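To keep things clear, I will list the structure first and then write my remarks on it.
Model, not experiment: these values are computed from the prediction. Just so you know, these numbers use all the heavy atoms, side chains as well, and skip hydrogens, waters and symmetry mates.
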Amino acid sequence: MSTPSARASAELAVPSRDEREDWTARADCRFVEPSVFFGPDDEPRGARLRRERTAKQICHTCPVRIPCRAYALDSRQRYGVWGGTTEAERRVRHPALPAAVPPEPR
């Protein structure tokens with residue numbers, strides 16, 4: 001049986017690589033269509049805001065919201081809602097993250 005101080009130390013330990021990669025298996029978004037989190041390039045502003053609000057509601061109660069957000073910031077994800085943050089919100093937190101640029105018209 002663990003003592004309270006041993007349990008607290010274990011909670012503060014840095015997660016192993018397997019534990020970091022495993023957060024995706026516990027994410028609430030695995031049950032939702034990706035289009036809720038990633039919109040089309042030509043998405044109208046109103047539709048984008050509604051889609052992002054829906055995605056953020058899913059993220060709000062997700063048990064892995066924090067590692068998901070950390071992953072998005074660490075890997076500089078330019079698109080989609082990750083860990084309850086939108087593309088624009090991540091750019092504010094991580095100014096070096098380039099803005100998502102739609103592809104050139106053909």
Side-chain angles (χ1 to χ4, degrees):
M1 184 162 150
S2 311
T3 64
S5 60
R7 203 172 25 244
S9 295
E11 289 174 6
L12 296 176
V14 175
S16 72
R17 182 175 181 190
D18 289 338
E19 290 170 330
R20 284 192 310 267
E21 292 173 356
D22 184 55
W23 65 263
T24 59
R26 298 186 329 267
D28 288 350
C29 61
R30 71 188 186 278
F31 301 114
V32 181
E33 288 292 323
S35 61
V36 173
F37 298 91
F38 300 93
D41 291 335
D42 59 349
E43 184 175 36
R45 183 175 187 272
R48 178 180 47 82
L49 293 174
R50 285 188 297 277
R51 179 187 51 75
E52 288 175 344
R53 187 179 324 117
T54 299
K56 289 172 96 171
Q57 288 172 341
I58 294 164
C59 294
H60 181 72
T61 57
C62 182
V64 296
R65 180 180 74 246
I66 302 303
C68 178
R69 180 181 304 148
Y71 170 80
L73 290 168
D74 292 346
S75 63
R76 299 179 181 232
Q77 293 296 315
R78 292 173 42 178
Y79 303 101
V81 174
W82 291 81
T85 60
T86 65
E87 299 162 11
E89 291 166 340
R90 288 192 304 280
R91 279 194 303 276
V92 168
R93 292 180 184 195
H94 207 292
L97 186 65
V101 178
E104 290 289 322
R106 293 181 186 200

Could you tell me the separation between the [atom1] atom of [X] and the [atom2] atom of [Y], rounded to the nearest 0.5 Å?
X: Phe37; Y: Thr86; atom1: CZ; atom2: OG1; result: 13.0 Å
X: Asp74; Y: Arg69; atom1: CG; atom2: CZ; result: 12.5 Å
X: Thr85; Y: Glu52; atom1: OG1; atom2: CD; result: 10.0 Å

Handout entry: Donor-acceptor contact below 3.5 Å, side chain Arg51 vs main chain Glu43
Key =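 Side chain of Arg51 to backbone of Glu43, a donor-acceptor pair under 3.5 Å: no, none is there.
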
Problem - Short side-chain to backbone donor-acceptor contact, Arg30 and Ala27, under 3.5 Å - result: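 Side chain of Arg30 to backbone of Ala27: a pair is present.
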
Shortest non-hydrogen contact from [X] toward [Y]:
X: Glu87; Y: Arg78; answer: CG-O, 3.2 Å
X: Val36; Y: Ala55; answer: O-CB, 3.6 Å
X: Cys62; Y: Asp28; answer: CA-OD2, 3.2 Å

Problem - Co-membership, hydrophobic cluster, residues Phe38 and Val32, 4.5 Å side-chain - result: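 Hydrophobic grouping puts Phe38 with Val32.
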
Practice task
Verify whether one side chain among Ser35 and Glu33 offers a donor that lies under 3.5 Å from an acceptor in the other.
Solution key: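 No, no side-chain donor-acceptor pair sits under 3.5 Å.
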
Handout entry: Contact list for residues 43-76, test ring pair (Phe, Tyr, Trp, His ring centres under 6.0 Å), sequence neighbours left out
Key =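 Of all non-adjacent pairs touching residues 43-76, those that pass ring pair (Phe, Tyr, Trp, His ring centres under 6.0 Å) are Trp23-Tyr71, Tyr71-Trp82.
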
Exercise for the section: Using the side-chain contact (heavy atoms from CB on, under 4.5 Å) rule, take Glu89 and Lys56 through it: C-alpha gap first, then chi angles, then the decisive distance, then the call. Expected result: CA-CA 12 Å; Glu89 291 166 340; Lys56 289 172 96 171; 2.6 Å; yes

